[in-house]
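Heads up: the structure comes next, in structure tokens.
Just so you know, residue 1 is the first one in the sequence shown, and it goes up from there. Just so you know, ligand 1 is whichever comes first in the structure, and atom 1 is the first atom listed for that ligand.
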Amino acid sequence: MSAAFVTRFAPSPTGYLHRGHAFSALTAFEAARDAGGRFLLRIEDIDVTRCRPQFEAAIFQDLAWLGLTWEQPVLRQSDHLADYEAALSRLRADGLAYRCFRTRRELSQAAQSAPHGPETAPAGGPLPAEEEALLLQQGKPFAWRLSLAAARDRLGGFDHLTFTETGAGPDGETGEIAVDPWPGGDIVLARKDVGVAYHLAVVVDDARQQISHVVRGEDLFTASHVQRLLQALLDLPTPVYRHHPLLVGPDGKRYAKRDRAQTLREIRQSGVTASDLRRELGFSA
Ligand code: GLU
């Protein structure tokens with residue numbers, strides 16, 4: 001198979017890994033192995049409010065315990081903030097980004113009162129220059145958002161934008177997928193507090209690491225729509241996407257950090273071996 005197959009596992013060190021992460025990492029790792037390709041690890045730690053060094057250290061330990069190997073050096077997003085800023089500057093220079101001063105509460109109120117569209121709701125689109133100047137003068141914090149309306153005008157619509165899905169989205173979407181970024185609204189490109197945001201960092205890094213196949217959970221299927229759009233706006237290559245079903249527990253619920261799912265370290269401490277867990281998750285021991 002193609003040696004050009006490059007995939008990645010991109011956890012955020014905001015907690016300890018659980019079975020869902022193990023499943024996702026093994027899926028990507030085995031996809032690379034089956035294709036004779038490369039497997040990379042990327043630490044997505046731009047959210048300084050939630051990321052912790054001990055969680056990053058635990059990611060390396062837990063994945064090594066599972067039997068995974070990855071290339072060095074590992075890309076850590078916090079080491080590359082200037083690159084995300086450069087991408088944002090480009091979008092700003094192209095008139096595709098605007099400052100959003102709305103607070104969380106204002107955004108949720110706007111979302112409730114906006115029936116259907118305009119598509120920028122609840123972000124509201126760019127402010128009139130005078131209003132914006134005043135808020136800047138007052139030192140009000142702001143996020144940068146992508147203007148979907150400006151992006152649509154720039155690209156002459158989104159109709160010609162597609163990505164290839166070789167797994168499936170949550171509703172079984174597969175094959176050539178037409179991009180529809182509207183449901184996500186004017187996504188945040190740079191957060192008020194951390195100066196960058198998830199989608200922008202991911203597309204910059206997928207390009208930098210020459211990722212040919214993004215293998216990840218179907219919960220990120222909708223993210224692929226906006227990420228494909230950002231690739232078009234920034235002239236970046238588009239990988240093939242392969243979203244996998246989310247692992248569910250015995251209660252039928254997906255594993256998630258916030259549900260206090262048993263962590264890989266707890267599983268390990270309870271005496272379960274990596275082979276046991278791999279087998280349980282449907283991989284060869
Ligand atoms: N860092 C993201 C997460 O922890 C995953 C990003 C991706 O795979 O594109 O959910």
### Message
Could you report the tightest heavy-atom contact between L66 and R278, atom names first, then the distance?
### Response
O-NH1, 2.7 Å
### Task
Taking all non-hydrogen atoms of both residues into account, name the closest pair between A123 and L107 and its distance.
CA-CD2, 3.9 Å
#### Entry: A10: numbered ligand 1 atoms lying under 4.0 Å from its heavy atoms
1 (N), 2 (C), 3 (C), 4 (O), 5 (C), 6 (C)
### Message
Looking at D205 and R76, is there a salt bridge between them, counting it only when a charged N and a carboxylate O are closer than 4.0 Å?
### Response
no
### Query
Does at least one non-hydrogen atom of R42 fall below 4.0 angstrom from an atom of ligand 1?
no
### Query
Under the 3.5 angstrom rule, does the side chain of R99 hit a backbone N or O of A143 as a donor-acceptor pair?
no
### Query
So is there a nitrogen or oxygen of E44 less than 3.5 Å from a nitrogen or oxygen in ligand 1?
yes
### Task
Verify the ring-centre separation between Y241 and H213: is it less than 6.0 angstrom?
no
### Query
Under a 4.0 Å heavy-atom limit, does F9 contact ligand 1 with its side chain, its backbone, both, or neither?
neither
### Numbered atoms of ligand 1 (with element) below 4.0 Å of R8, judged on heavy atoms
7 (C), 8 (O), 9 (O)
### Task
Check L220 against ligand 1 and report side chain, backbone, both or neither, counting heavy atoms closer than 4.0 Å.
side chain
### Query
Got a salt bridge between D206 and R8, using NZ or NE/NH1/NH2 to carboxylate O under 4.0 Å?
yes
### Message
Taking 4.0 angstrom as the limit and counting only heavy atoms of Y198, give me the atoms of ligand 1 inside it, by number and element.
### Response
6 (C), 7 (C), 9 (O)
